[in-house]
Amino acid sequence: MSDSVLQPVTSFPALGALPLARATSDRRSESRAQDDWLDSLRAAEATRYLVMIGGRARVLDGELVLMLAADLPEGGTEIYLGFDGSTEIVLHSFEQTPAAWAAPESSNELHPGQWLGLRDVAAGLGARDAGLFVEAVAIANWNHATNFCAGCGGPLTLRASGWVKFCAAEGREHFPRTDPAIIVAITDDADRLLLGANKAWGGTRFSTLAGFVDPGESLEAAVIREVAEESGVIVKDPRYMGSQPWPFPRSLMLGFTAVATGTELFPDGEEIIDLRWFTREELADAVRTGEIGVPAGVSIASALIENWFGGVLPQPEHLEN
């Protein structure tokens with residue numbers, strides 16, 4: 001085993017080091033393709049396991065809890081995650097709480113508040129742990145959801161340490177899927193920001209516009225098309241700002257800014273039910289008074305909004321005390 005480790009990214013686009021884009025571990029793509037790779041790691045004293053249950057992992061004192069092989073519950077899906085310079089790390093993933101830990105007398109039941117989701121803790125984790133957690137959630141989502149061949153419907157078996165699924169009937173390999181999606185901070189000639197309210201959010205939570213990239217479409221073309229479809233606004237000058245994985249279940253969010261050529265708004269009524277232009281003062285007041293909510297935490301939408309705003313938005317008044 002090599003003692004090398006990937007160097008962290010040190011040069012970023014305008015949005016900087018986004019919370020879910022700080023991975024430092026080496027995923028060892030060549031090594032994990034070996035048929036006996038996971039077996040060799042089980043026998044190695046330095047190997048540690050990240051147990052994840054339903055997308056949650058145990059976090060203690062701001063760090064992921066990594067376990068020895070001897071302490072793992074039975075079952076689960078093992079998937080190689082990476083090497084951090086001293087430790088080989090393997091995911092041990094369950095969709096539901098394993099039977100050995102479900103009993104009331106289980107020692108694991110003493111720490112229910114320490115099992116947290118990625119969105120709950122990613123911003124407070126170090127770069128290694130944030131990268132491991134987002135990788136674990138993404139690859140586990142794919143593994144748990146991909147059990148049958150898309151061609152013949154036959155069962156699939158794991159290969160390449162959890163990174164490939166194989167259909168014996170067709171001799172066909174299935175690889176993890178990532179869906180690219182653009183997300184855009186749109187401004188007008190007065191430098192106002194356009195935000196929309198999605199129908200699913202109830203009409204009071206506003207965010208930047210976003211959408212999936214169509215097959216055969218460039219990112220810039222997707223920006224122009226999605227904005228026009230959702231708001232009726234035609235934009236120009238799409239500018240790439242940064243990206244980060246969003247494994248809910250398998251997206252890659254690509255952040256842009258763009259400039260509107262007009263200000264008349266036509267929400268599509270299906271996804272977007274309200275659209276508003278905001279000055280910085282108007283947005284700060286609307287958030288402070290609780291008139292609207294906006295994304296916070298690890299989302300790239302929050303980063304795009306705060307990049308335009310010039311800093312962190314004020315807290316709603318009811319949360320200040």
Rounded to the nearest 0.5 Å, what's the gap from OG on S302 to CG on L313? Could you check? 7.5 Å
In short, H174 meets C149 closest at the heavy-atom pair NE2-SG, 3.5 Å
Can you tell if the side chain of P247 reaches within under 4.5 Å of the side chain of V134, non-hydrogen atoms only? yes
Do L158 and T77 come within less than 4.5 Å of each other through their side chains, counting heavy atoms only? yes
Indicate, with yes or no, if L193 and V235 share a hydrophobic cluster defined by side-chain heavy-atom contacts under 4.5 Å among Ile, Leu, Val, Met, Phe, Trp and Tyr. no
Here the gap from L304 atom CG to T208 atom OG1, rounded to the nearest 0.5 Å, amounts to 5.5 Å
Can you confirm whether more than 12 heavy atoms, excluding those of D189, are under 6.0 Å from its CG atom? no
Under a 3.5 Å distance rule, please check whether R280 uses its side chain to pair with a backbone N or O of W308 as donor and acceptor. yes
Keeping the roles fixed (side chain from R56, backbone from W115), state whether a donor-acceptor pair exists under 3.5 Å. yes
Can you find a pair of side-chain heavy atoms, one from L66 and one from I89, that are under 4.5 Å apart? yes
Go through the steps to decide whether K236 and E220 satisfy the test salt bridge (charged side-chain N to carboxylate O under 4.0 Å, His left out), and finish with yes or no. CA-CA 9 Å; K236 63 180 181 179; E220 293 79 7; over 6 Å; no
Would I300 and F212 show up in the same hydrophobic cluster when neighbours are defined by side-chain heavy atoms closer than 4.5 Å? no
Is there a path from L283 to I272 through hydrophobic residues (I, L, V, M, F, W, Y) whose side chains come within less than 4.5 Å of each other? no
Donor-acceptor under 3.5 Å (T47 side chain, L41 main chain): yes
Is there a path from I305 to L194 through hydrophobic residues (I, L, V, M, F, W, Y) whose side chains come within less than 4.5 Å of each other? no
Flag, side chain of S231 to backbone of V227, donor-acceptor distance under 3.5 Å: yes
Criterion salt bridge (charged side-chain N to carboxylate O under 4.0 Å, His left out) on R177 and D179, from CA distance to verdict: CA-CA 7 Å; R177 170 179 165 183; D179 297 332; 2.7 Å; yes
Hey, is E270 close enough to K199 for a salt bridge, meaning N to O under 4.0 Å? no
Is a side-chain N or O of S40 found less than 3.5 angstrom from the main chain of W37, in a donor-acceptor match? yes
Heavy-atom side-chain contact between I183 and L254 under 4.5 Å: no
Side-chain donor or acceptor of N143 paired with backbone N/O of G162 under 3.5 Å: yes
W163 (side chain) donor-acceptor with R32 (main chain) under 3.5 angstrom: no
Flag yes if L15 and I182 sit in one hydrophobic cluster, no otherwise; membership is Ile, Leu, Val, Met, Phe, Trp, Tyr, and two members link when side-chain heavy atoms are under 4.5 Å apart. no
To the nearest 0.5 Å, atom CG of L18 lies from atom OG of S243 at 7.5 Å
Whether K165 side chain and T146 backbone form a donor-acceptor pair below 3.5 Å: yes
Going by an N to O cut-off under 4.0 Å, is there a salt bridge joining R128 and E63? no
Quick one: is the NZ or CZ of R250 closer than 6.0 Å to the six-membered ring centre of W142, and within 45° of its axis? no
Ignoring hydrogens and angles, state whether a donor on the side chain of Y49 or E78 is under 3.5 Å from an acceptor on the partner side chain. no
V90 side chain reached by I79 side chain, heavy atoms, under 4.5 Å: no
Has the side chain of H92 got a donor or acceptor atom that lies under 3.5 Å from a matching backbone atom of A69? no
Rounded distance [0.5 Å steps], CG in L116 versus CG in L125: 9.0 Å
Can you check whether T87 reaches R48 side chain to side chain, under 4.5 Å on heavy atoms? yes
Compute both the distance and the angle, then confirm whether R159 meets the cation-pi test with F166: under 6.0 Å from the six-membered ring centre, within 45 degrees of the axis. yes
Quick one: does NZ or CZ of R28 land under 6.0 Å from the six-membered ring centre of Y80, within 45 degrees of the ring axis? no
Which pair of heavy atoms, one from P314 and one from R288, lies closest together, and at what distance? CG-NH2, 3.8 Å
Hey, does the Lys NZ or Arg CZ of R192 hover above the aromatic six-ring of F278, less than 6.0 Å from the centre and inside 45° of the axis? no
Any salt bridge linking E135 with R27? Criterion: basic side-chain nitrogen under 4.0 Å from a carboxylate oxygen. yes
Measure the spacing between OG of S251 and CE of M253 and express it to the nearest 0.5 Å. 6.5 Å
For D35, is the CG atom crowded, meaning more than 12 foreign heavy atoms sit under 6.0 Å from it? no
So, the side chain of D214 versus the backbone of E217: is there a donor-acceptor pair under 3.5 Å, distance only? no
In Å, rounded to the nearest 0.5 Å, how long is the span from CG of L118 to CG of L132? 11.5 Å
Decide yes or no for S207 and V294: does some side-chain heavy atom of the first lie under 4.5 Å from some side-chain heavy atom of the second? no
Less than 4.5 Å apart, any side-chain heavy atom of S86 and any of D84? yes
